[in-house]
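Everything below concerns the one structure shown next.
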Amino acid sequence: MRRDPMSTDRFKDKVVIVTGAASGIGAATARRFSAEGARVALIDRDRTNLETVAQELPPDRTTHHVVDVSDSAAVEAMVSAVVSRFGGLNVMVNNAGVHAGGAPDKITDDQWRKVMATDVDGVFFGCRAAIPHLTKTRGSIVNTASVSGTGGDWSMSPYNAAKGAVVNLTRALAMDLGKKGVRVNAICPSLTRTGMTADMMDDDKLLAEFAERIPLGRVCEPEEVAAVIAFLASEDASFMTGANVAVDGGVSASNGQPP
Ligand code: NAD
């Protein structure tokens, strides 16, 4: 059944988990789902910021858990706790991520493993823990990848590798889960104003260089990514699965030729 396009309660009575919810895109996503009526579980390893964001939202429809998504047992326990508290699960947003870069021959084992642990392991653990519950509700998964998952950057090899893995993991899960009624999609934002990029946002020269190369002429705001995540998770995207959706102001439309 089609919903009323004017309705603002697309997620009324739905249960949504958002990882990386203490900051940036995850915080904006938690606020968005909550504004559309969802019961939202906010997950992050940063207790202080997590509590600050969680306290903004209605207490009867909000819970939060301090979890490192690279810890599979903790992720399993968290998903079980959310399902116990709210009675099921409809949407899993695997958004927590970290970034590391540098010349490829200077990347340390530690840098490599930290990016893989959160950005790849964390996304897989979140998906795996959610699947049994999502098959019961015919729910959906949205994974936060990046434009860095569909093309190379200079000196960001761990991040490029990790986000590429998220894009293809999303496709693989879409294959396996489609006939069970579970949709799995990824979003690929370009440079977005968040905690991860705070240093860059203070650099006017760098921002101007980015703006020059982005067809829409500016960086992305976290709320603009959250809106697309909510769309993909909603019935409005009922025939979308396995997609990686660019939220990039047109960056990926370019063939790289100079102006
Ligand atoms: P952010 O730093 O503002 O937020 C990321 C959150 O994830 C933080 O609250 C952090 O504590 C949490 N986190 C990190 N590792 C974790 C772990 N192991 N367990 C639990 N929580 C953890 O950054 P953001 O830009 O909002 O990033 C959200 C996602 O968007 C990431 O996956 C990132 O790679 C992706 N992304 C960001 C941009 C950008 O330009 N900001 C662009 C494309 C994709």
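Numbering of ligands and ligand atoms starts at 1, following listing order.
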Would a distance-only check, ignoring hydrogens and angles, find a side-chain to backbone donor-acceptor pair under 3.5 Å from [X] to [Y]?
X      : Y      : answer
Arg218 : Ala211 : no
Arg61  : Ala38  : yes
Asp9   : Lys12  : no

Could you establish whether [X] and ligand 1 come within less than 4.0 Å of each other, counting only heavy atoms on the residue side?
X      : answer
Val225 : no
Ser190 : yes
His99  : no
Asp68  : yes
Asn49  : no

What is the nearest protein non-hydrogen atom to [atom], stated with its residue, atom name and distance?
atom                    : result
atom 26 (O) of ligand 1 : Ile25 N, 2.8 Å
atom 36 (N) of ligand 1 : Tyr159 OH, 3.4 Å
atom 3 (O) of ligand 1  : Ser23 OG, 2.5 Å
atom 21 (N) of ligand 1 : Arg45 N, 3.3 Å
atom 24 (P) of ligand 1 : Thr194 OG1, 3.4 Å
atom 39 (C) of ligand 1 : Thr192 N, 3.5 Å
atom 10 (C) of ligand 1 : Asp44 OD1, 3.4 Å
atom 23 (O) of ligand 1 : Met196 CB, 3.3 Å

Legend entry - Residues which pass side-chain hydrogen bond (donor to acceptor under 3.5 Å, both in side chains) with Glu76, listed by chain and number, not counting sequence neighbours: none
Subset of ligand 1 atoms that lie under 4.0 Å from at least one heavy atom of [X]:
X      : result
Gly24  : 3 (O), 26 (O)
Val67  : 19 (N), 20 (C)
Val98  : 14 (C), 15 (N)
Thr197 : 39 (C), 40 (O), 41 (N)
Leu191 : 40 (O)

Which heavy atom of [X] sits nearest to which heavy atom of [Y], and what is that distance?
X      : Y      : answer
Phe33  : Ile229 : CE1-CG2, 4.0 Å
Ala162 : Asp119 : CB-CB, 3.7 Å
Val167 : Cys188 : CG2-SG, 4.1 Å
Lys14  : Asn90  : CA-OD1, 3.3 Å
Val166 : Thr144 : CG1-O, 4.0 Å

Ligand 1 and [X], any nitrogen or oxygen pair closer than 3.5 angstrom?
X      : value
Asn95  : yes
Val147 : no
Pro189 : no
Asp119 : no
Ser146 : no

Inset, instruction - Could you list the residues that satisfy side-chain contact (heavy atoms from CB on, under 4.5 Å) with Ser80, not counting sequence neighbours? - result: none
Looking at [X] and [Y], does any basic side-chain N land under 4.0 Å from a carboxylate oxygen?
X      : Y      : value
Glu56  : Arg31  : yes
Glu235 : Arg138 : no
Glu209 : Arg213 : no
Asp110 : Lys114 : yes

Side chain, backbone, both or neither: which part of [X] has a heavy atom under 4.0 Å from ligand 1?
X      : answer
Ala21  : neither
Val69  : both
Ala145 : backbone

Inset, instruction - Taking the side chain as every heavy atom from C-beta outward, state whether Ile17 and Val93 have any pair of such atoms under 4.5 Å apart. - result: no
